[in-house]
Amino acid sequence: MAKVMLGKWTDKNESFTRKIRASRIEEGVGIDILAKKAGIERSTYFSHVRNPEKITLRELRVYCNVLKIPAESLISAVYEGGD
């Protein structure tokens, strides 16, 4: 039986991206500021938002701290596809 391959852009990634974007807007934090605080380049930020599996624990902690997001909320967005 053939396997079905999902594209790189999944519901989980979309959920994570929405959570980060909404929190950035709510907190008034620009992408450049968030990337700098996480110690990554702007392009790396975009790459990691598209592929949350590549985000390091350090980055995730920075996102949670800077954007005032409970870690459980981001983790559930990545691993469960929930909001």
Side-chain angles (χ1 to χ4, degrees):
M1 183 176 234
K3 293 183 180 181
V4 176
M5 298 292 289
L6 297 177
K8 288 187 177 184
W9 191 253
T10 65
D11 289 340
K12 292 177 184 180
N13 294 21
E14 188 174 348
S15 177
F16 178 81
T17 300
R18 276 185 300 197
K19 178 76 70 181
I20 294 291
R21 183 180 296 132
S23 297
R24 274 193 324 94
I25 291 169
E26 187 177 307
E27 294 297 323
V29 177
I31 292 168
D32 292 326
I33 291 170
L34 189 58
K36 183 175 181 180
K37 288 188 182 267
I40 59 174
E41 297 292 324
R42 181 183 173 101
S43 60
T44 303
Y45 167 83
F46 284 115
S47 173
H48 288 181
V49 169
R50 282 191 305 275
N51 299 299
E53 303 83 23
K54 294 183 179 183
I55 292 176
T56 65
L57 183 56
R58 181 183 179 288
E59 287 173 61
L60 190 60
R61 286 181 180 149
V62 169
Y63 296 164
C64 290
N65 289 333
V66 172
L67 301 175
K68 300 176 184 156
I69 302 172
E72 299 80 23
S73 180
L74 276 184
I75 291 169
S76 72
V78 172
Y79 292 104
E80 299 168 11
D83 288 325

Point-to-point distance, once rounded to the nearest 0.5 Å, from [atom1] of [X] to [atom2] of [Y]:
X	Y	atom1	atom2	answer
H48	F16	NE2	CZ	10.0 Å
L34	K36	CG	NZ	13.0 Å
S47	K54	OG	NZ	5.0 Å
I40	R58	CD1	CZ	9.0 Å
L67	K37	CG	NZ	10.5 Å

Review point. Above 12 or not: heavy atoms from other molecules or residues under 6.0 Å from CZ of R42?
Key: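 Yes, the 6.0 Å shell around CZ holds more than 12 heavy atoms from other groups.
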Check your understanding: Under 6.0 Å from the CD atom of E41, do we count more than 12 heavy atoms belonging to anything else shown?
Key -> no
Measure across [X] and [Y] and return the closest heavy-atom pair with its distance rounded to 0.1 Å.
X	Y	result
A71	C64	CA-SG, 3.6 Å
I69	K19	CD1-O, 4.4 Å
E27	V66	CG-O, 4.5 Å

Check your understanding: Between D32 and Y45, is any pair of side-chain heavy atoms under 4.5 Å apart?
Key -> no
Practice item. Give a yes or no on whether the backbone of V29 and the side-chain of R24 come within a donor-acceptor separation of less than 3.5 Å. Key: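 Side chain of R24 to backbone of V29: a pair is present.
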Review point. How about E14 and T17: does a side-chain donor come under 3.5 Å of a side-chain acceptor?
Key: no
